[in-house]
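These numbers come from a predicted model, not from an experiment. So you know, we letter chains A, B, ... as the sequences are listed, proteins then strands, and number each from 1.
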Amino acid sequence: MKQNGQIVYAQNLAKSYAVGKREIEALRGIDFTISPGEFVVLLGPSGAGKTTTLNLVGGLDRPTSGALSVAGQMVAEGELHATERSLDALRREQVGFVFSEFHLLPTLTAVENVQVPLVWVDESGRDRAEALLCRVGLGHRLTHRPDELSGGEMQRVALARALINEPALLLADEPTANLDTSTRDEIFELLRELSNEGLAILFATHDHELAERGDTVLRLSDGVILDG
Amino acid sequence: MSWIAIALKNILRRPIRSILTVAGVAIAVAMLFNLLEFQRGYEKGLRSELSDLGAHIMIVPRGCPYEAATIVLHGGKWPRYMEEDWYSVVRGTDGIESSTGIIMDAIIRDGGRENLIYMGIDDDYPELRPSWKYERGGWFDEPASAILGASVARSMGVSAGDTITIHDEPRVPATQMKVAGVLERTNSQDDGLIFLPQHTLQKVFGLEGKLVVILVKLSDVSRTDEVVSSLRQASMEADAGMNVFPLSELLNTLTSLLSSTRVFVLAIVVVAFVIGGVGVLTTILMAVFERTREIGMMKAMGAARVDVFRLVWLETLFTTIGGGLAGVLLALLSGRGVVALLRLVLPHTPADFAMGMSGSTFGICIGVSVVLGVIAGTWPAWRAASISPITAIRGGSS
């Protein structure tokens, strides 16, 4: 499988689901690559296949066919698929996720939420978590619980949590969908800064205005990339 | 952040539900703790009580020997007597180091509020009580004298040299006794007894020539069976109708009498643990369902199945261990009440029977709590570990 230093290499990637007796083709053989520091926007309406693409790249789901490698690790190639254990390791070490919903643990403070991914590797990383929260502008909210934070602040905590393991790739599934315009722009600018520092980002959105600000735009429609 | 911190915070998320679950386990553990401590305390108390008697063989008149033994151990009135002549037969039996004949009676007034127990003893009795020490005075110095146990002397407000009056008209005419001695506290049944010279008690209570029990101390304990056989044979030949039994047999019989009760209580304890375990399982499973999206997110962040399993299992273990510790505390706090209740319902309880806390009982209770957590936590932990992150995250909003 050719990679040429790319963080993501996807070739003829397809995914279909059986819904009852019907076969739904969510992705119909897409090709794309993401390089280190590249900000790729996945643009398309609901049902176009954006989330399916993110799930495949993040190792949360397995493709039906095609080849996919992430951060130098083979996720799928034809009939071959990575094991569950290696996909867990991929998410733990190379990939960070942010979603439109924040999925913070309500009993933990902001800094504790950021530390959660380190628990699986038996690290504390308190200093690193605090530094990341400062980086996303929440240095004054370290010990606040999610119910004491605004939507934009919760998304910043979720972003810091996604970055705590220093991933090579950030997968963002409409992370600004539930935010007001100014907060949306702040979050997007933060992501742009991270991208400029070398983080590869795959950003799914249906927002055309945001899409124009990415390095590369992949227009998805009915499971195919219209142009690249 | 650590596994422990996350698990504890998850438990505290629903405090009332967690407290009720812990309480269910605590009740079961408290029952187990009390059962084990009862068994230990009862046997210890009984052994100590029998050891205090200083004898190896007990001879009582025909009748229920265990009822007789209870009367002898705690003092009281038992309307069955043996002839004093039998005592000389016992003394002549080979293998006996010392023996003593005892006669007892009691005066009960005010519906049991005042209960004075009199024990008539002879000069051989002190050989069975080498540990006796006198707080005041000493051994009988005249036929109309008495030795008082520490508790009874205090409650009557008398000391050596004072005079007490025995009367229970019309059965016992008023008779004055000089207090020859007051014993130091022994923490045994002796503390509550009034000792009189054997013949004095027989005369005062109209029981001339009668005895209630003969206690026998052997020169060689390994010859117990042989001496018991000789005494039984002698009793049969003389048609004396005596019950001769070693005190070790009494201990075994009294403890085995309780074994059926223990089995019954143990069955209740098992049921309590099953109920507690189902409560834990339900609580943890409910928590897993409520946190499906969180668990999905944890998996998206790299948590493997084993990590999620470990987290939920830890939560279950903390719940049951918390229940175990609370149960031990509950048992310790309720120990006195349980002992008082057992004294009411059991036919015999040793005088110094108490429920404390032994290391083994504590270990067993906590060990059972851990096992309960391991069992009750397995299914919820497996369910949590099997959650699909995609389905979970798609499930709804946070």
B:Asp307/A:Arg92 under side chain to side chain contact (heavy atoms under 4.5 Å, CB included): CA gap, chis, key distance, verdict: CA-CA 12 Å; B:Asp307 296 324; A:Arg92 204 158 46 230; 4.0 Å; yes
Take B:Met297 and A:Arg161 through the side chain to side chain contact (heavy atoms under 4.5 Å, CB included) test and state the conclusion after the steps. CA-CA 11 Å; B:Met297 188 62 208; A:Arg161 181 180 62 187; 3.2 Å; yes
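Within the 4.5 angstrom heavy-atom criterion, no atom of A:Glu93 approaches chain B. Using a 4.5 Å cut-off between heavy atoms, A:Asn178 makes no contact with chain B at all. Both the backbone and the side chain of B:Arg305 come within contact range of chain A, each with at least one heavy atom under 4.5 Å from a heavy atom of that chain. With a threshold of 4.5 angstrom between heavy atoms, A:Phe99 approaches chain B through side-chain atoms but not through N, CA, C or O. Within the 4.5 angstrom heavy-atom criterion, atoms from both the backbone and the side chain of A:Asp61 approach chain B.
Counting heavy atoms of neighbouring residues, nucleotides and ligands inside a 6.0 Å radius, atom CG of B:Leu333 exceeds 12 of them. The 12-atom threshold is exceeded at CH2 of B:Trp3, counting heavy atoms of other residues, nucleotides or ligands nearer than 6.0 Å. Counted within 6.0 Å of CD1 on B:Ile4, heavy atoms from surrounding residues, nucleotides or ligands total 12 or fewer; the atom is thus considered open. Atom CZ of B:Arg185 sits in a crowded spot, with more than 12 heavy atoms from other residues, nucleotides or ligands closer than 6.0 Å.
Here the OG1 atom belonging to A:Thr107 is positioned 7.0 Å from the CD atom belonging to B:Glu294, to the nearest 0.5 angstrom. To the nearest 0.5 Å, the span separating CG on A:Leu108 from CZ on B:Arg13 amounts to 7.5 Å. To the nearest 0.5 Å, atoms NZ (B:Lys299) and CZ (A:Phe97) are separated by 13.5 Å.
Taking 4.5 Å as the limit, some side-chain heavy atom of B:Met298 sits within range of a side-chain heavy atom of A:Leu105.
Here the shortest heavy-atom pairing between A:Leu60 and B:Ile390 reads O-CD1, 3.3 Å. Closest approach of B:Ala303 and A:Trp120 over heavy atoms only: CB-CE2, 3.3 Å.
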